[in-house]
There are 2 protein chains.
Amino acid sequence: MSRTHAHGASTLPTLSADTILDLLRGQGMRITRGRVAIISALLAAKAPLSLEEIRVAAGKRARQEPLDFATVYRVMETLEELKIVQKIHLGRARSHYELVDPHAHHDHLVCTDCGKVEMLDEPCPVEPLERKLRRHYGYAEVKHSLEFFGRCPDCQ
Amino acid sequence: MSRTHAHGASTLPTLSADTILDLLRGQGMRITRGRVAIISALLAAKAPLSLEEIRVAAGKRARQEPLDFATVYRVMETLEELKIVQKIHLGRARSHYELVDPHAHHDHLVCTDCGKVEMLDEPCPVEPLERKLRRHYGYAEVKHSLEFFGRCPDCQ
DNA sequence: AAATTCTTGCAAGTAATTTGCAAGAGCAAG
DNA sequence: CTTGCTCTTGCAAATTACTTGCAAGAATTT
Ligand SMILES: [Mn+2]
Ligand SMILES: [Mn+2]
Ligand SMILES: [Zn+2]
Ligand SMILES: [Zn+2]
């Protein structure tokens, strides 16, 4: 029951639940209801989620009691170490999480008024500078974090 | 005693202590030992400082008892509202602060190993995309936050 | 110098994690 | 299908990083 590419139309988000679960299995980790629910919630998310949002979304999707907050915290900590998810900072008190897209990352546009977060579908403009940081500054494993803030059309 | 551009050689960082203090005065605010010490510390800083770092640096520079943490917090809150300083997020637990450069902002390069922070003296590559977010996405007052992470030459 | 108003230190309060630990749940064996 | 070994989870307590209330103290004005 481990299809990797079998499904109908729609754009495929690179990572499937099975792919991720296999990754966990490969690390000797267990496939628990909580982890399955969390991964399902992340796959369905249209924007980065806070720990509390993940907790609620996972509970709904799996039609089960919401997980304990500490559990969500530790699952996300694990998924982050495995590079399956990444934590992002949107200028709020809480951190948010989203699945890593190994092929093409995206940056974010946050409305400073209503809090809406858009995932930008624009080519990332900083790759050249990133290369320069490697070549001329001598840095290794260079990554970046880029988010835009502004007032969305609805909020003006 | 309010020189705005009078001094010797060296590259001038746009904002002088007097300029800032005049700005505070203009808002009906008082020139206190603490504020003077904090501004002096910020002007001397070679990288963004955390509240605790500001507290210590300000104490040393003014050769006085370190300020209370809450005081530093409130002074920075005020300076931020006046757009004199800005808070930045370097992927750490604490926020960091630095003086705003009204002429040309800079982005940051953080070593994920030793924590060193470099202020990049490179043209910012995201202005075109920022314009597009205004024109085609309809966002107003668009700003951005961009930081790079990697392992510095010393840490490899 | 006195009055006025803004600031500060100190202590208490919050919000968001982060951790310890014993009970519970996967999963490989038998 | 039951057992045993380990990994996970829930619950409560601990931490970290702010954030706020308030009365004493300091900067300016009069
Ligand atoms: Mn990018
Ligand atoms: Mn920039
Ligand atoms: Zn909005
Ligand atoms: Zn380093």
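Below, all heavy atoms of this structure are taken into account, side chains as well, without hydrogens, waters or symmetry copies. Residue numbers start from 1 in every chain, and the chains themselves are labelled A, B, ... in the order their sequence lines are given, proteins ahead of strands.
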Within this structure, what is the [atom1]-to-[atom2] distance between [X] and [N], rounded to whole angstrom?
X	N	atom1	atom2	result
A/Q64	D/dG10	CD	C1'	14 Å
B/L24	D/dT28	CG	C1'	15 Å
B/R25	C/dT5	CZ	C1'	17 Å
B/H89	C/dA16	NE2	C1'	14 Å
A/Y97	C/dA16	OH	P	13 Å
A/D68	C/dG24	CG	P	15 Å
A/I54	C/dT17	CD1	P	10 Å
B/L51	C/dG9	CG	P	14 Å

Can you find a side chain N or O atom of B/S95 that sits less than 4.0 Å from OP1 or OP2 on D/dC18? yes
Less than 4.0 angstrom between a side-chain N/O of B/Y73 and OP1 or OP2 of D/dC18, yes or no?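 So the side chain of B/Y73 is outside the cut-off, no N or O lying under 4.0 Å from OP1 or OP2 of D/dC18.
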Between its two end axes (five pairs each) the helix from C/dA1-D/dT30 to C/dG30-D/dC1 turns, nearest 10 degrees, through 30°
Out of C/dT8, C/dT18, D/dT9, whichever nucleotide has its closest atom nearest the side chain of A/T71: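 Of all the options, the side chain of A/T71 is nearest to D/dT9.
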With ring-ring contact (aromatic ring centres under 6.0 Å, His included) as the test, would you mind laying out the steps for A/H96 and A/H89 before giving the verdict? CA-CA 6 Å; A/H96 287 68; A/H89 302 280; 9.4 Å; no
By nearest nucleotide on DNA chain C, pick out whichever of A/S50 and A/R74 is the more 5' one. A/S50
A side-chain contact here means heavy atoms from C-beta on lying under 4.5 Å apart; do A/R151 and A/T112 qualify? yes
Measuring only between side-chain heavy atoms, which start at C-beta, is A/F69 closer than 4.5 Å to A/R55?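 Side-chain contact under 4.5 Å: yes.
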Shortest non-hydrogen separation from [X] to [Y] and the atoms involved:
X	Y	result
A/L49	A/A41	CD1-O, 4.3 Å
A/A37	A/A62	CB-CB, 3.6 Å
B/I39	B/L79	CG1-CD1, 4.5 Å

Does A/R55 get its side chain close enough to the base of D/dG10, under 3.5 Å, for a donor-acceptor pair?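 Not at all, since no donor on one side and acceptor on the other fall under 3.5 Å apart.
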For B/R134, is there an ion pair with B/E130 - N to carboxylate O distance below 4.0 angstrom? yes
Residues A/R94 and A/E52 bridged, charged N to O under 4.0 Å: no
When all nucleic acid strands are considered with a 4.0 Å heavy-atom cut-off, which category describes B/A93: base, sugar-phosphate, or nothing?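 Result for B/A93 = sugar-phosphate.
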Expected list for residues 27-39 of chain B near DNA chain C, using heavy atoms below 4.0 Å, is B/M29, B/R30, B/T32, B/R35
Return the orientation label for the A/F148 and B/H144 ring planes: parallel under 30°, perpendicular over 60°, tilted otherwise. tilted
